[in-house]
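What follows is a single structure, written as structure tokens, with notes after it.
Only this structure's heavy atoms are used, side chains among them; waters, hydrogens and symmetry mates stay out. On a predicted model such as this, the values are computed, not experimentally measured, just so you know.
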2 protein chains.
Amino acid sequence: MTERVTDSFQDWLRDRVPERGLRPKAAALLEVLLSQPRRASFGAAAELAQLAGVNVATVTRTAQALGFAGWPALQQELRARYLSSLSAPQVAAEHSGAGSPSSRSLRRDLDSLALLNRRLDEGVLRTIAEAVAAAGRTVIVADGSYAAVGMALAHNARLAGYPVAAVTSGDAELANCVAAIGPGDVLIAISFWRLYESTVLAANEARARGVRVFALTDAASPALANAAEEVVMVPAEGVAFFPSLTAGMAVAQALVTQLASVDPARTSASIETAEGMWSKFGLLHRRPTPPAPADQHSDQPD
Amino acid sequence: MTERVTDSFQDWLRDRVPERGLRPKAAALLEVLLSQPRRASFGAAAELAQLAGVNVATVTRTAQALGFAGWPALQQELRARYLSSLSAPQVAAEHSGAGSPSSRSLRRDLDSLALLNRRLDEGVLRTIAEAVAAAGRTVIVADGSYAAVGMALAHNARLAGYPVAAVTSGDAELANCVAAIGPGDVLIAISFWRLYESTVLAANEARARGVRVFALTDAASPALANAAEEVVMVPAEGVAFFPSLTAGMAVAQALVTQLASVDPARTSASIETAEGMWSKFGLLHRRPTPPAPADQHSDQPD
DNA sequence: CACAAGTTGCAATATTCTTTGCACATTCTC
DNA sequence: GAGAATGTGCAAAGAATATTGCAACTTGTG
């Protein structure tokens with residue numbers, strides 16, 4: 001039961017123990033909490049009490065003795081830490097003291113990314129990257145706030161030398177873009193949480209027209225998954241009402257990185273050209289250190 | 001498609017969907033459960049209901065429609081499966097291509113985020129969030145690929161009920177926008193790696209006009225830092241040529257989360273309104289019945 | 001256009017879980 | 001060894017959560 005959950009989880013809990021130590025029963029309960037973090041995270045006070053051979057009341061009192069308002073408050077912390085230790089054992093956030101909304105958001109994103117890192121089948125990303133590299137052109141459909149991820153993906157992919165365009169200007173343009181693609185092209189649909197009607201339409205229509213369709217989604221979207229050849233699942237759960245775009249952005253980044261490695265020469269040339277343009281247009285505030293793009297991604301074991 | 005072990009969570013839940021499919025609201029709830037397994041595993045029925053935009057009663061009814069006695073029974077199953085999906089497939093992902101560009105990118109982002117999490121002073125984010133909340137309006141300046149972060153920030157901030165606009169359409173519009181703001185307004189400049197000339201200009205000009213200026217940047221941009229009241233430093237190093245937007249996006253997410261907590265009532269009201277609009281405009285995809293094999297219905301917006 | 005079938009939200013009800021007052025038991029001190 | 005102080009269990013009060021009856025609404029059909 002106890003994996004290597006122990007470190008951050010146990011240390012933290014032990015640190016809450018006050019100077020005087022705990023009463024015998026409270027100590028017994030603490031041992032249960034430490035040794036069975038899973039049950040401690042989910043179970044009712046009564047369940048833990050029985051497990052520790054103490055009364056329910058002792059659970060509440062122990063929680064209070066540890067500095068919490070009551071059992072629910074303690075349990076919430078236990079949960080957060082237990083889950084963190086499950087998904088990101090290596091990071092072991094030290095200051096994860098349930099602080100401000102912003103720091104909670106960061107921590108959640110960190111967890112999501114750790115989860116993504118373990119879950120993601122990079123074979124899928126390679127497939128998509130190669131499809132984009134081979135495609136006549138690529139259209140990215142992304143509505144709502146997900147448009148940001150689509151834009152980033154398209155922007156960097158173009159920089160890498162591939163004709164990738166994001167459609168974010170509404171349904172009319174979307175329709176036109178879908179009408180303009182066909183066999184030999186690629187469409188990437190990005191959508192988390194709630195699915196926009198037009199995104200699904202575009203994906204289905206494109207597939208019917210012989211376009212290779214891929215999807216980036218948070219798995220809540222069978223409609224989109226059905227239309228896609230491959231689906232990349234991304235955790236998008238945020239702490240507030242908004243779904244988090246962070247993990248999706250990480251996937252976009254990974255995808256572009258993979259794409260850049262498909263044909264390094266092409267990418268290098270493209271970047272060099274782009275840089276020349278930026279210079280000519282006077283876009284940059286200062287001349288940066290000239291990067292050596294060919295060196296950056298020259299090592300690809302696969 | 002991906003038939004990885006981790007999908008057992010989603011697959012399993014989808015398999016419980018009865019023949020006829022689900023009612024619209026039930027389907028909406030199912031999406032939330034699938035996309036936010038953490039919350040689904042821990043949260044109360046009411047919380048999930050709000051997230052899905054349905055009534056509490058629907059949660060209970062959906063659980064029953066899926067063949068469970070009620071929400072607690074469903075939640076218990078969800079928990080078990082979510083937790084095992086967290087801890088099980090760790091090993092597989094590690095070895096299948098540990099060195100591919102995409103997985104290196106992901107790992108780099110993970111590291112960056114961990115670094116950010118340690119370094120970031122949440123007081124700064126709070127300051128910015130409060131400034132935005134108090135401002136007459138807020139303009140976000142972000143050029144190049146950073147525009148994606150700016151867009152996401154603006155989009156979600158608007159959703160939270162604040163007049164935030166991202167300027168991404170070129171220098172002409174940027175000039176107009178800067179001309180239109182003054183004391184009592186806020187400008188947020190987002191720029192990593194290389195600094196666009198116009199971004200710096202806008203920041204300096206705005207500050208001269210009495211606008212509160214904040215900056216999101218990596219360490220390499222002293223010019224921007226000079227023009228800003230507060231600077232949020234974000235690691236943006238990518239594995240390839242491209243700077244990573246992931247950490248920047250995480251900060252945007254954190255900022256919006258903080259902003260949403262400044263005046264929760266206002267944010268709730270705003271989101272509710274927005275949801276009503278989405279509904280009216282028929283933006284969301286609400287087809288509950290995906291699995292019909294021969295049934296190739298053409299999706300029609302309702 | 002009206003009716004019927006089905007769906008959803010509201011609100012009262014029922015259930016479960018947590019906390020706390022109180023009494024008994026144990027332990028420590030003089 | 002007696003008294004006081006502290007710890008613990010029991011059970012009732014209190015809070016939170018889930019369920020269900022009912023009415024209003026929407027959608028499909030004649």
Worked verdict on B/R137 versus B/V164 for side-chain contact (heavy atoms from CB on, under 4.5 Å): CA-CA 6 Å; B/R137 70 190 121 170; B/V164 178; over 6 Å; no
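- In this entry the distance linking CG of B/L29 with C1' of C/dT7 reads 15 Å, nearest Å.
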Within the 4.0 Å limit for protein heavy atoms, which parts of nucleotides 12-27 of chain C are touched? Write it as a string from 5' to 3', B for base, S for sugar-phosphate only, - for none. ------SBBBB-----
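- With B/R79 contributing its side chain and B/S41 its backbone, the two residues share a donor-acceptor pair below 3.5 Å.
- When the P atom of D/dA18 is taken as reference, atom CD of B/Q50 falls 14 Å away, rounded to whole Å.
- The neighbour count for B/E77 CD, taken as heavy atoms of other residues, nucleotides or ligands under 6.0 Å away, is above 12.
- Between the side chain of B/E122 and the main chain of A/S103, no donor-acceptor pair closer than 3.5 Å is present.
- In this structure, B/R266 is positioned above the aromatic face of B/Y162, its NZ or CZ under 6.0 Å from the six-membered ring centre and within 45° of the axis.
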